[in-house]
Trainee: 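What follows is a structure written as structure tokens; I'll ask about it next.
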Amino acid sequence: MFEPPTRDAYLDAVRHGMHLGDAAAHVGISRVVPTRYARTDREFAAALEEARAVGAKVRREGVPHDEYRYNVLKCRCPVCTRAATTGRAARRADAAPAPTADESPAETAGDVHPIRLDRAEVGESLTSFLLARAS
């Protein structure tokens, strides 16, 4: 069932970046056959681990250089770094509109409101009031 030509074809498919289930379907076997076979044949298990590592690298290389590759795959090439910087700057610009002259600071600061002491009298203790209002 899992003869040497089928094993070699399966390992080649995995090496070329196919996922394990897709590679099994490609060679016409059940997806559990290679895993079961790897439990009993140490040589095949080692070859499968090597093929999985090569296949993962092949899949990673197929991802275009952009912000996703910078954030998820930790690529720090100039193209990915520039894409991530541009993407962050654009999101920050969209999220924070410029304040206008008629807006109060509380409207531009989100949920944070400044504490105003408009009615404070001399000699009055505002410590507990300030703590309650700040929390």
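In what follows, residues are counted from 1 in the order of the sequence shown.
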Trainee: Are there more than 12 heavy atoms of other residues, nucleotides or ligands under 6.0 Å from atom CZ of Arg88?
Mentor: yes
Trainee: Quick one: ring pair (Phe, Tyr, Trp, His ring centres under 6.0 Å) pairs with a partner in residues 41-64, sequence neighbours left out?
Mentor: Phe2-Phe44, Tyr37-Phe44
Trainee: Below 4.0 angstrom, N of the basic side chain to O of the carboxylate: do Arg7 and Glu43 qualify?
Mentor: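 The answer is no: the pair does not qualify as a salt bridge.
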Trainee: What's the spacing between Thr86 OG1 and Asp66 CG if we round to 0.5 Å?
Mentor: 11.5 Å
Trainee: Tell me the closest heavy-atom pair linking Ala24 and Tyr10, and the distance in Å.
Mentor: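 Result for this residue pair: N-CE1, 3.6 Å.
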Trainee: If you round to the nearest 0.5 Å, how far is CD1 of Ile29 from CD of Glu3?
Mentor: 11.0 Å
Trainee: Counting only heavy atoms from other residues, nucleotides and ligands, does the tally under 6.0 Å from CZ of Arg42 exceed 12?
Mentor: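 Atom CZ in Arg42 is not packed in, count stays at 12 or less.
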Trainee: If every non-hydrogen atom of Leu11 is compared with every non-hydrogen atom of Leu48, which pair is closest and at what distance?
Mentor: CD2-CA, 3.7 Å
Trainee: May I ask you to say whether Arg82 pairs ionically with Glu67, meaning some side-chain N is under 4.0 Å from a carboxylate O?
Mentor: no
Trainee: Would you say that Val14 contacts Met18 through its side chain, given a criterion of any heavy-atom pair below 4.5 Å between the two side chains?
Mentor: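 Val14 does not reach Met18 side chain to side chain.
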Trainee: Write down the atom of Leu73, the atom of Arg60, and the distance for their closest heavy-atom approach.
Mentor: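 Looks like CD1-CG, 3.5 Å.
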Trainee: Answer yes or no: is there a donor N or O on one side and an acceptor on the other, between the side chain of Arg76 and the main chain of Thr81, under 3.5 Å?
Mentor: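 No, Arg76 side chain to Thr81 backbone: no donor-acceptor pair under 3.5 Å.
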Trainee: Would you kindly confirm whether Tyr70 and Val72 end up in one hydrophobic cluster when ILVMFWY residues are joined by side chain heavy atoms under 4.5 Å apart?
Mentor: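 As far as the 4.5 Å side-chain criterion goes, Val72 and Tyr70 are not connected within one cluster.
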Trainee: Less than 4.5 Å apart, any side-chain heavy atom of His65 and any of Cys75?
Mentor: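 Result yes, sub-4.5 Å side-chain heavy-atom pair found.
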Trainee: Do the charged groups of Asp12 and Arg15 touch, with an N to O distance under 4.0 Å?
Mentor: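 Salt bridge present between Asp12 and Arg15.
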Trainee: May I have the step-by-step check of side chain to side chain contact (heavy atoms under 4.5 Å, CB included) for Leu20 and Arg52, ending in yes or no?
Mentor: CA-CA 8 Å; Leu20 299 179; Arg52 289 178 70 185; 4.0 Å; yes
Trainee: Take Arg59 and His19 through the test side chain to side chain contact (heavy atoms under 4.5 Å, CB included) and record every step on the way to the result.
Mentor: CA-CA 9 Å; Arg59 281 193 308 276; His19 293 281; 3.8 Å; yes
